[in-house]
Number of protein chains: 2
Amino acid sequence: MNRNPPKSGDQRLVLDRIRDKQSELTAAERRLTAVLMDDSLVAGMQSITKLAEAAEVSTPTVIRLARKLGFEGFPDFQAAIREEIAARMKEPLAKLDAPSTTENKDHIVSRFAMAVSHNINATIDRLDPAEFDLVARLLADPSRALYVLGGRITRSNAHYFFNHLQIIRPGVSLLDSSPSVWPQSLLDMDERATLIVFDIRRYEKELERLASLVVGQGANIILFTDQWGSPIEKYAKHTFRTLVEVPSSWDSTLAINFLIEALVAEIQTLHSSTDRIAALEEMIGESRIFRSN
Amino acid sequence: MNRNPPKSGDQRLVLDRIRDKQSELTAAERRLTAVLMDDSLVAGMQSITKLAEAAEVSTPTVIRLARKLGFEGFPDFQAAIREEIAARMKEPLAKLDAPSTTENKDHIVSRFAMAVSHNINATIDRLDPAEFDLVARLLADPSRALYVLGGRITRSNAHYFFNHLQIIRPGVSLLDSSPSVWPQSLLDMDERATLIVFDIRRYEKELERLASLVVGQGANIILFTDQWGSPIEKYAKHTFRTLVEVPSSWDSTLAINFLIEALVAEIQTLHSSTDRIAALEEMIGESRIFRSN
DNA sequence: GCCATCGTGTAATGATCACTACAGCAGGAC
DNA sequence: GTCCTGCTGTAGTGATCATTACACGATGGC
């Protein structure tokens with residue numbers, strides 16, 4: 001390729017330069033770099049006007065950033081980006097992660113990303129969209145009382161789900177982590193109640209025991225578990241199996257979180273209680289958004 | 001591959017169009033397409049003047065080719081090329097493709113998966129591996145006291161991180177959600193202390209206030225925020241920006257969880273305190289594994 | 001050999017662009 | 001409160017750009 005414009009001295013990659021200077025950048029400049037890094041600098045191929053519009057900043061801000069990164073002006077900056085993209089396009093398989101040397105391939109983050117990618121894909125694969133929709137409708141029904149319960153590790157997931165459900169609709173309770181206080185909630189669980197349980201390996205005896213009692217009372221159970229399946233499956237009306245293995249000593253609950261977030265999105269749509277959210281924000285008094293314009 | 005770029009009416013790829021019309025092209029136009037195909041269209045990102053020079057043709061020839069290929073003019077042609085390159089660059093390290101049949105393409109789960117895929121990839125993209133390693137080492141150092149704090153939504157993430165850190169190493173505290181009890185912990189934060197804060201949009205004033213106090217005491221802050229950046233960034237020694245936008249009324253903290261899990265994996269490796277885990281499991285008395293195989 | 005046709009480049013045009021100068025404004029210091 | 005500093009956008013400029021009109025030259029039919 002013709003590299004007749006020998007750039008402005010510096011040979012480092014644009015992405016690296018951005019990362020290096022990230023801490024010195026101003027708010028508007030960061031909005032810009034966010035847009036640029038969003039699609040691996042491709043946004044920087046547009047004219048300065050378009051790029052500025054996309055990032056919602058002014059054109060001088062773009063020029064100032066280019067200079068801060070060590071380029072003479074926008075054309076110089078853009079030429080560097082073009083060369084960088086050209087170099088990356090030449091490589092057989094576009095690898096997004098490493099702007100970079102091969103050493104990053106083995107970095108824990110890369111290996112983790114591949115595992116997570118597989119986990120979420122496989123989780124979606126074994127998901128029945130019809131069942132997903134059914135569960136979403138079920139959870140969106142405010143006449144059904146909901147109880148949420150997690151295990152030792154999955155308690156955070158339970159809390160996350162509870163946190164959102166509680167804002168979207170009434171009648172949601174988070175069961176305490178201590179089994180000693182469960183009986184009080186158990187009393188209220190009739191056939192209009194639904195218990196959402198999270199139980200991945202090192203499945204917990206207490207959860208199973210509670211599940212059997214809950215079913216005995218006529219309530220339904222929705223279970224989030226791992227690929228091997230918690231013993232609670234036999235009590236559950238709906239089961240979501242997720243993949244949890246990653247290159248770590250710990251299991252990953254990312255696929256579970258994925259389902260939770262997708263369900264929350266769908267439930268919110270079904271319930272469409274934007275007024276409820278607005279009211280809540282009013283109460284909390286935090287509705288101010290910090291984006292600078 | 002995905003042919004999402006909507007372009008100017010026509011959906012076909014630029015490269016395909018060139019191949020289709022190759023036989024109808026004139027000598028000068030072929031010189032042009034040769035240059036373009038040489039580096040996967042990247043040459044087409046320059047100005048029309050530069051491109052013409054590179055191919056040793058005149059600028060009107062470039063316009064005539066663009067029109068022959070079905071574009072309105074050079075800008076239209078260039079926009080199509082840019083989108084095509086963008087699509088190719090996005091080719092994720094972890095491609096969470098839409099599951100199975102086309103009918104499901106519009107299902108919330110599929111749309112969610114695509115957004116999440118992009119979020120995690122872009123998050124990795126803007127991550128500095130060296131900083132990641134540095135933070136992992138910092139958090140693995142048992143002589144540093146750790147404090148974990150989340151906002152309204154990110155409290156679950158904070159809890160998740162805390163939950164794991166606490167098992168791996170001593171000296172980890174989760175700050176309560178109620179600001180009224182923060183001062184007690186604040187007292188203990190000296191220059192050997194590190195505060196891990198989660199703050200995504202609808203950035204919370206209380207968190208920022210605490211952050212400034214903490215820094216005043218000489219402690220370090222590690223911040224997990226969104227792509228726009230919490231105001232706490234200016235206090236933080238290390239900042240991890242993640243993408244949070246998904247087709248939902250709610251922001252997604254999946255990319256944050258991704259970083260947490262990856263950090264936990266690395267910290268665990270560095271600390272290699274398997275004995276500590278074993279001891280803990282002994283105490284909990286839950287060490288029986290249910291795996292079916 | 002003459003003309004018609006097609007391919008191509010040159011030159012001139014409005015449009016857009018990159019860039020500068022300056023003013024407004026927010027946040028921090030005192 | 002008041003200043004000050006630094007960030008940011010607006011407006012105006014020359015420069016570059018994409019495009020058009022047109023002229024030249026090559027080719028082929030008659």
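Lettering of chains follows the sequences in order, A, B, ..., and the numbering in each one begins at 1.
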Any side-chain N or O of A/Thr61 under 4.0 Å from OP1/OP2 of D/dC7?
no
Rounded to whole angstrom units, what separation is found between the [atom1] atom of [X] and the [atom2] atom of [N]?
{"X": "A/Lys68", "N": "D/dG6", "atom1": "NZ", "atom2": "C1'", "result": "10 Å"}
{"X": "A/Glu29", "N": "D/dG6", "atom1": "CD", "atom2": "C1'", "result": "11 Å"}
{"X": "B/Leu51", "N": "D/dC17", "atom1": "CG", "atom2": "P", "result": "12 Å"}
{"X": "B/Arg31", "N": "C/dG7", "atom1": "CZ", "atom2": "C1'", "result": "11 Å"}
{"X": "B/Leu65", "N": "D/dT19", "atom1": "CG", "atom2": "P", "result": "13 Å"}
{"X": "B/Phe71", "N": "D/dT19", "atom1": "CZ", "atom2": "C1'", "result": "18 Å"}
{"X": "A/Glu53", "N": "D/dG9", "atom1": "CD", "atom2": "C1'", "result": "14 Å"}
{"X": "A/Arg30", "N": "D/dG6", "atom1": "CZ", "atom2": "C1'", "result": "15 Å"}

Between A/His107 and B/Phe132, is the gap from one ring center to the other below 6.0 Å?
yes
Go nucleotide by nucleotide along DNA chain C from the 5' end; which of B/Lys234 and A/Thr49 gets its closest nucleotide reached first?
A/Thr49
Which nucleotide in the list D/dC17, D/dG9, C/dG28 gets nearest to the side chain of B/Lys50?
D/dC17
State which of C/dG28, D/dG9, C/dT10 makes the closest approach to the side chain of B/Ser58.
C/dT10
Any donor-acceptor N/O pair, B/Arg17 side chain to B/Leu69 backbone, under 3.5 Å
yes
Is the closest side-chain heavy-atom distance between B/Glu206 and B/Trp182 below 4.5 Å?
yes
Residues B/Ser143, B/Arg192; criterion side chain to side chain donor-acceptor pair (under 3.5 Å); working and verdict:
CA-CA 8 Å; B/Ser143 73; B/Arg192 290 298 292 171; 2.4 Å; yes
Taking atom types as modelled, is there a side-chain donor on A/Glu261 or B/Ser252 under 3.5 Å from an acceptor on the other?
yes
Looking just at side-chain N and O atoms, do B/Thr253 and B/Asn157 make a donor-acceptor pair shorter than 3.5 Å?
yes
A/Arg64 and A/Glu29 ion-paired at < 4.0 Å
no
Could I get a table of every N or O pair under 3.5 Å where one atom is in the protein and the other is in nucleotides 19-25 of chain C?
from	atom 1	to	atom 2	distance (Å)
C/dC19	OP1	A/Phe74	N	3.4
C/dC19	OP2	A/Phe74	N	2.6
C/dT20	OP2	A/Arg67	NH1	3.1
C/dT20	OP2	A/Arg67	NH2	3.2

